[in-house]
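Indexing begins at 1, ligand by ligand and atom by atom, following the structure's order. The figures here come from the full heavy-atom set of this structure, side chains too, leaving out hydrogens, waters and symmetry mates. From a predicted model like this one, the values you see are computed outputs, not experimental measurements.
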Amino acid sequence: MEQDDTARVTVPKALTEIAARSPRVVVLTGAGMSAESGLATFRDPHAGLWERFSPQALASASAWEDDPELVWAWYLWRFERIEHVAPNAGHVAIARWGRGADVSVVTQNVDDLHERAGSADVVHVHGAIASFRCSVCEAPYAEPIDVPDEPVERLPPPVCRVCGGLVRPGVVWFGEVLPVDAWTRAVALVSEADLVVVVGTSGIVYPAAGLPAIARSEGAVVIEINPDRTDVSDMVHHTWHETAARALPALVGSFLPAG
Ligand code: BJW
């Protein structure tokens, strides 16, 4: 089924040529990268219990201050979803590209699907959901996380063994500063890249949304893969309106020999 889908995708010739001649590549991914694995994006309506809540409102430091039990339950639900889905053909294709060229992934996603697909160099600019830590003293929390059998609307977060503060997911919320090491590396990577492929991001959340412009100003060719127009579409060299799991295997397969 997946192979049939990819077979029907026609790769724009210009993209094959650019990808084939680019030694240093950065793939910048957003929530659309994981959509075909079954993880909802931020601007899609969410499923089931969480339909009534806006992801944008829950992913904020102020939501956590106001109602940590609501926010914790939402993140546990997403943590559980991530554990139960698999990398899609797009994640796998990026990992394959990385075995034939110098390919780094800069992702805004808090899942680990790039790593599970086999990508060796993944920079998480918005953190990782499973890197739980204390919201007060920042001590990592490595205890097993208790996930209820059914999703619930509120759940008390675990308590830090060091200071008694509430444990939070290891993500970057609106109003918080991005992890300095990850951000510095992301800027360096796109600045040194020959090609930046922007996949599945609406390009509205800064500072990550500024990376394609930094790449272009430093001389990289910038390509976008997204079924829809986005806030970065006007500044990239090429936009390809396709999904991640269809476009990336076709693109990589168009210039890298099979195997
Ligand atoms: C497909 C597809 C398929 C569908 N295939 N594609 C400059 C200007 C204006 C505002 C600001 C600014 N600088 C900073 C700000 C404030 C703020 C911000 O950007 N606000 C905007 C909303 C305007 N930024 C911040 O607060 C950041 N911090 C910061 O700047 O610190 C310095 C500072 C601190 C204090 C004061 C001032 C400055 C932090 C941002 C953190 C973002 N965090 C989140 C949550 C992470 C945790 C979690 O996962 O819950 O990150 S929000 C959410 O948005 C998440 C995402 O990583 C991020 C981006 O979303 P993304 O990935 O683009 O997803 P969608 O859903 O928007 O788009 C999906 C796309 O996929 C669509 O285009 C679809 O078409 C496409 N798609 N299916 C391919 N199959």
For Leu211 and Val106: C-alpha separation, side-chain torsions, deciding distance, then whether side chain to side chain contact (heavy atoms under 4.5 Å, CB included) applies.
CA-CA 10 Å; Leu211 289 171; Val106 173; 4.1 Å; yes
Report yes if the side chains of Arg229 and His241 come closer than 4.5 Å at any heavy-atom pair, otherwise no.
yes
Can we say Glu17 and Arg21 salt-bridge, meaning some charged N sits less than 4.0 Å from an Asp/Glu carboxylate O?
no
Run the numbers on Gln108 and Thr29 for side chain to side chain donor-acceptor pair (under 3.5 Å), then give the verdict.
CA-CA 6 Å; Gln108 298 169 81; Thr29 64; over 6 Å; no
For ligand 1, which atoms have a heavy atom of Ala31 less than 4.0 angstrom away?
61 (P), 62 (O), 64 (O)
Please state which protein non-hydrogen atom is closest to atom 20 (N) of ligand 1 and give its distance, to 0.1 Å?
Phe174 CE2, 3.9 Å
Does the N or O separation between Asn109 and ligand 1 drop below 3.5 Å for any pair?
no
Any idea which atoms of ligand 1 are less than 4.0 Å away from a heavy-atom of Gly30?
62 (O)
Atom 29 (C) of ligand 1 sits nearest the protein heavy atom Glu176 O, 3.4 Å
Just to confirm my output: which protein heavy-atom neighbour is closest to atom 5 (N) of ligand 1, and how far is it?
Ala244 N, 3.0 Å
Using the rule given for side chain to side chain contact (heavy atoms under 4.5 Å, CB included), can you reason through Leu28 versus Val190, listing the C-alpha separation, both sets of side-chain angles and the distance that settles it, and then say yes or no?
CA-CA 9 Å; Leu28 170 62; Val190 300; 5.9 Å; no
Assert yes or no for the condition that the ring centre distance of Phe132 to Trp72 is strictly below 6.0 Å.
yes
Would you please determine whether Arg78 falls within less than 4.0 Å of ligand 1 on a heavy-atom basis?
yes
For residues Phe255 and Trp97, establish whether the separation of their ring centroids is below 6.0 Å.
yes
With the threshold set at 4.0 Å, does a side-chain nitrogen-carboxylate oxygen contact exist between Asp228 and Arg43?
no
Hey, is atom 33 (C) of ligand 1 touched by any protein heavy atom at less than 4.0 Å?
no
Numbered in order shown, the ligand 1 atoms found under 4.0 Å of a heavy atom of Arg43 are 54 (O), 60 (O), 65 (P), 66 (O), 67 (O)
The salt bridge (Lys or Arg N to Asp or Glu O under 4.0 Å) partners of Arg216 (sequence neighbours excluded) come to none
Short list, please: which atoms of ligand 1 are under 4.0 Å from a heavy atom of Gly200?
6 (N), 69 (C), 70 (C), 71 (O), 79 (C)
Answer yes or no: does an N/O atom from His126 fall short of 3.5 Å to an N/O atom of ligand 1?
yes
Checking Glu80 now: which residues fulfil salt bridge (Lys or Arg N to Asp or Glu O under 4.0 Å) with it, not counting sequence neighbours?
none
With atoms numbered from 1 as shown, which atoms in ligand 1 lie under 4.0 angstrom from a non-hydrogen atom of Trp173?
39 (C), 41 (C)
Among all the protein's heavy atoms, is there at least one whose distance to atom 46 (C) of ligand 1 comes out below 4.0 Å?
yes
Below 3.5 Å, N or O to N or O, backbone or side chain included: is there any such pair between Trp74 and ligand 1?
no
Leu189 side chain near Val123 side chain, heavy-atom distance below 4.5 Å
yes
Hey, which atoms in ligand 1 end up nearer than 4.0 Å to a heavy atom of Tyr75?
47 (C), 48 (C), 50 (O)
Would a 4.0 Å cut-off, counted as strictly less than, catch a protein heavy atom around atom 9 (C) of ligand 1?
no
Close side-chain approach of Ile225 to Val197, heavy-atom, < 4.5 Å
yes
Looking at Arg24 and Asp102, is any side-chain nitrogen of the basic one under 4.0 Å from a carboxylate oxygen of the acidic one?
no
For Val110, counting its heavy atoms only, list the atoms of ligand 1 lying under 4.0 Å from any of them.
47 (C), 49 (O)
Does only the side chain of Val171 get under 4.0 Å from ligand 1, or the backbone, or both, or neither? Count heavy atoms.
side chain
What I want to know is whether Val199 and ligand 1 share at least one N or O pair that is separated by under 3.5 angstrom.
no
Just jot down the ligand 1 atoms closer than 4.0 angstrom to any heavy atom of Pro207, in number order.
30 (O)
Atom 4 (C) of ligand 1: which protein heavy atom is closest, and how many Å away?
Gly32 CA, 3.9 Å
Kindly compute the distance separating CZ (Arg81) from OH (Tyr75), expressed to the nearest 0.5 Å.
16.0 Å
Is Arg78 positioned over the aromatic face of Trp74, cation under 6.0 angstrom from the ring centre and no more than 45 degrees off axis?
yes
Here's a test for you: under side chain to side chain donor-acceptor pair (under 3.5 Å), which of Asp111, Thr41, Asn88 qualifies with Ser34?
Asp111
Can you pull out the closest protein heavy atom to atom 23 (C) of ligand 1? Residue, atom name and distance to 0.1 Å, please.
Ile204 O, 3.6 Å
Is any NZ, NE, NH1 or NH2 atom of the basic residue among Arg161 and Glu143 found under 4.0 Å from an Asp or Glu carboxylate oxygen of the other?
yes
Do any N/O atoms on Thr230 end up under 3.5 angstrom from N/O atoms on ligand 1?
no
For ligand 1 and Glu36, I'd like to know whether there is a polar contact (N/O to N/O, distance under 3.5 Å).
yes
Looking only at protein heavy atoms, what sits closest to atom 43 (N) of ligand 1 is Val172 O, 2.8 Å
How far is atom 78 (N) of ligand 1 from its nearest protein heavy atom, and which residue and atom name does that atom have?
Ala35 CB, 3.8 Å
Nitrogen or oxygen atoms of Tyr206 and ligand 1 under 3.5 Å apart:
yes
Starting from atom 26 (O) of ligand 1, find the nearest protein heavy-atom neighbour and note its residue, name and distance.
Gly175 N, 2.8 Å
Going by distance only, is there an N or O of Leu178 that falls short of 3.5 Å from an N or O of ligand 1?
no
Does the protein place any heavy atom closer than 4.0 Å to atom 39 (C) of ligand 1?
yes
